[in-house]
Amino acid sequence: MSTYTLPNEKGHFGIFGGRYVPETLMKAVVELETAYKEAKDDPDFQSEFRRLLTEYAGRETPLYFAQNLTKYAGGANIYLKREDLNHTGAHKINNAIGQALLAVRMGKKKIVAETGAGQHGVATATVSALLNLDCIIFMGEEDIKRQALNVFRMELLGAKVVSVTSGSATLKDAVNEALRYWVANVDDTHYLLGSVMGPHPFPMIVRDFQSVIGQETRDQFKAAKGRLPDALVACIGGGSNSIGMFYPFIEEEAVRLYGIEAAGKGIDTPFHAASLTKGKPGVLHGALMYLLQDQDGQIQEAHSLSAGLDYPGVGPEHSYLKEIGRAEYHSITDQEALEAFQLLSKHEGIIPALESAHAVAFAVQLAAKMNADQNIVVCLSGRGDKDVDAVKARLERGLES
Amino acid sequence: MNRIEQTFQLLTKTGRKAFVPYLMAGDGGLDCLADRLTLLEKFGASAIEVGVPFSDPVADGSAIQMAGIRALKNGTTLRGIIKKIAEARKQIHVPIILMTYLNPVYAYGIDAFIFDIQEAGIDGCIIPDLPMEEEDIIAPKLHEVNIEFIRLATPTTPLDRIKQIAGKGRGFLYTVTVKGITGERSEFAHDLYAFLKQVKEVSSIPVLAGFGISNQEQIAEIVEYCDGVVVGSKIVDLFASSRLRELEQLVSIFHSKSNPF
């Protein structure tokens, strides 16, 4: 019996979530909610979604026992859920497939999306190509510089990439522009939001589509060990890979859930993205959630070496899980993530995305404090090819410059 | 009776349309706010919308975005704005309506915010990211102290919902003229007037049109179908470039003798 049934009818997780959007968008979010409810109960929709996850995205992804990393950490066993092996190289494709199918079902022929690291943009452009949808991606100017290769990928896939120069020119500003675009084009356009944020029903929809990660992990781990893992670790920007991993375990109180935010240059400096650790509740992009903001309620810029974690808020469900104490949230600095990036490459032959390297760094610390008969599963949300240039440059010029 | 209701009763009685200018508080420095309010009243504003700058204004186009950035760079805060309005209130007689995104209010503390704006003599609030579904966070409390919560209707809002929205208010219904964000438009959708007419039919309170309206010709056409207009981006630009003569012409549109309205 399931007792965790959030969000409620209004899209609230406790005080968090909701639909704080301009009236122009209300019709679209209500329409989306109705369409999703129908699709959820439609076996044809679900089987098409599963078919594309299997045949197109390459699921299920392996659950891999990282023996060398386990030995290095010297404690609990570390397993990696290999979302990096998905088509397009990250978990983002799970949600992109689901929402694009939903857009087609609603008769919308155009897709708008935001992207930070470019992974969601690539996934969205990919699925748009597959399903013959027009695709426009808003991306911060800063991120375009950091992720030039992903910009080219999106264009190759037929998407139009629009550079966003307002504000901090990163993910939050890309969301602003995507929302403005959606307000003006709501009749024929679906906003394919990439994380568990934004107005209801997005946090619920994205969670449901991403929960394939946790569901597979559960089945795979049970098949291998006959029980559940002791801890799950996942990185958090907006929070989609982590909620996808956590959700099927929320009612398993014995499984500890660790969400890892980006501490950037340190959480006691102004240069981090640790919304849950250092922020306070507020309203941005349609939802009430933990936010980095000043005392007057102006949103502050987030900072992280990894573009995908560079967001000043965190999804409403994570905000709620923190509030009720079900999940624990910690942070990892740029420096620690860079070390983990190299560590996993050298010890396991797996180059992780910088985002995922935050989770790996924390898992190594956590494993050392646990016993050898305990088990941790890390969500390796993406592969690191996109970050190789940036890491190279960073290592060459040294960390402090 | 609230000052906004009084204003509209008088306008109805005299057969006049409402002109509501919007300005961004703190653009040009918060010290000029009182003078600008006085000027707008002198030019003939029926009420004045005072914008609160926010870092992430998703409903606004570039003119108001840039004005907001300038205001924030000047160190403008919601607290500072309320204080300036309180000081200016005795010399301004038209209704003052605060237009703010929710987060600055949430950070201020909703109860403290309502207490302070009531003290300052603010008559209404527009919160563009607070639709009917979430308005209970603040609207009932504003109502209790006789401050109007001004709601919006848009071209994507179904008619029965417009009726419901209008039925909740006592001030006016802010009717958005475009599917889009604020900012000047050279032309409007061909079905705008039909839309305004429908809104006017179902609305129990006065209907003001806003978003994209920037010149006298547009205003002359639009007020055929509603009770007045809100003009934002254009006013912001005229203040920023100190074109006060043009500002006067625009704001005084319903007062000049040569004008039939």
Side-chain angles (χ1 to χ4, degrees), chain A residues 9-12 15 17-31 33 165-168 172-189 198-200 279-289 291-301 312-313, chain B residues 52-62 65-66 68-69 71-72 75-81 100-109 113 126-137 151-158 161-162 165 173-176 178-183 185 211:
Chain A
E9 279 292 296
K10 296 182 76 182
H12 292 171
I15 66 162
R19 282 177 287 209
Y20 297 90
V21 290
E23 174 62 25
T24 310
L25 290 180
M26 275 311 297
K27 189 178 167 215
V29 298
V30 169
E31 197 178 273
E33 188 188 0
T165 54
S166 58
S168 55
K172 121 182 138 68
D173 309 283
V175 176
N176 288 340
E177 285 307 324
L179 278 169
R180 288 181 187 122
Y181 181 89
W182 197 31
V183 166
N185 297 276
V186 68
D187 289 335
D188 60 355
T189 303
H200 177 67
K280 54 181 198 270
V283 174
L284 180 69
H285 298 150
L288 210 163
M289 58 184 172
L291 284 175
L292 296 177
Q293 55 182 317
D294 69 14
Q295 58 179 8
D296 297 305
Q298 305 297 338
I299 309 305
Q300 290 172 319
E301 291 177 19
Chain B
V52 176
F54 181 49
S55 52
D56 295 83
V58 294
D60 287 307
S62 66
Q65 280 180 44
M66 300 309 285
I69 290 168
L72 289 174
T76 306
T77 63
L78 178 55
R79 201 167 293 281
I81 294 167
T100 176
Y101 287 86
L102 182 58
N103 202 54
V105 175
Y106 197 81
Y108 199 105
F113 169 76
I126 302 174
I127 306 181
D129 55 351
L130 196 61
M132 203 166 51
E133 282 72 7
E134 305 288 351
E135 69 172 44
D136 283 355
I137 198 170
R151 297 170 180 84
L152 292 95
T154 77
T156 59
T157 313
R161 184 176 162 94
I162 292 181
I165 291 171
L173 183 64
Y174 190 139
T175 304
V176 175
V178 296
K179 283 177 197 165
I181 53 179
T182 61
R185 302 290 198 286
F211 278 42

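To find a chain, count down the sequence lines: A is the first, B the second, and so on, and within it residues start at 1. Not measured: the values here are computed from a predicted model.
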Which one wins on heavy-atom pair count under 4.5 Å against chain B: A/Lys172, A/Gln300, A/Lys10, A/Glu177? A/Lys172
Contact part of A/Gln293 toward chain B, heavy-atom cut-off under 4.5 Å: side chain, backbone, both or neither? side chain
So, A/Arg180 side chain and B/Pro57 main chain: donor-acceptor pair closer than 3.5 Å or not? yes
Which atoms of B/Gln65 come close to chain A, meaning under 4.5 Å heavy atom to heavy atom: side chain ones, backbone ones, both, or neither? side chain
When the 4.5 angstrom heavy-atom criterion is applied to B/Ile69 and chain A, the contacting part is neither
Could you measure the distance from the CD1 atom of B/Ile165 to the CE atom of A/Met26? Nearest 0.5 Å is fine. 9.0 Å
To check you understand the geometry: which heavy-atom pair defines the closest contact between B/Pro131 and A/Val21, and what is its length? CD-O, 3.3 Å
Would you mind telling me which of B/Gly61, B/Pro128, B/Ala59, B/Ser62 has the largest number of heavy-atom pairs within less than 4.5 Å of chain A? B/Pro128
To the nearest 0.5 angstrom, please state how far the CD atom of A/Gln298 sits from the OG1 atom of B/Thr76. 9.5 Å
Would you indicate whether B/Met66, at its atom CE, is surrounded by more than 12 heavy atoms from other residues, nucleotides or ligands within a distance under 6.0 Å? no
Rounded to the nearest 0.5 Å, what separation is found between the OG1 atom of A/Thr24 and the NZ atom of B/Lys179? 10.0 Å
Could you state the interatomic distance from OG1 (B/Thr156) to CG (A/Asp187), rounded to the nearest 0.5 Å? 8.0 Å
Test item: B/Glu134 and A/His12 side chains (from C-beta on) under 4.5 Å apart, heavy atoms: yes
Heavy-atom pair with the smallest gap, counting every atom of B/Tyr106 and A/Gly282: CD2-CA, 3.9 Å
Under 4.5 Å from any heavy atom of chain A - which part of B/Phe54: both
Looking at B/Ser55, B/Ala107, B/Pro155, B/Pro104, which makes the most heavy-atom pairs under 4.5 Å with chain A? B/Ser55
Check whether B/Leu102 gets within reach of chain A through its side chain, its backbone, both or neither, counting any heavy atom under 4.5 Å. side chain
Between A/Leu288, A/Val30, A/Asp294, which has the largest tally of heavy atom pairs under 4.5 Å with chain B? A/Leu288
Side chain, backbone, both or neither: which part of A/Leu179 has a non-hydrogen atom closer than 4.5 Å to chain B? side chain
Run the salt-bridge test on A/Glu23 and B/Arg161 with the 4.0 Å N-O cut-off and return the result as yes or no. yes
Let me know if B/Ile137 has heavy atoms under 4.5 Å from chain A in its side chain, its backbone, both or neither. side chain
Please state whether the side chain, the backbone, both or neither of A/Pro199 comes within less than 4.5 Å of a heavy atom of chain B. neither
Can you tell me how far apart OG1 (B/Thr154) and CG (A/Leu25) are? Round to the nearest 0.5 Å. 8.5 Å
Report yes if some heavy atom in the side chain of A/Leu291 is under 4.5 Å from a heavy atom in the side chain of B/Asn103; otherwise report no. yes
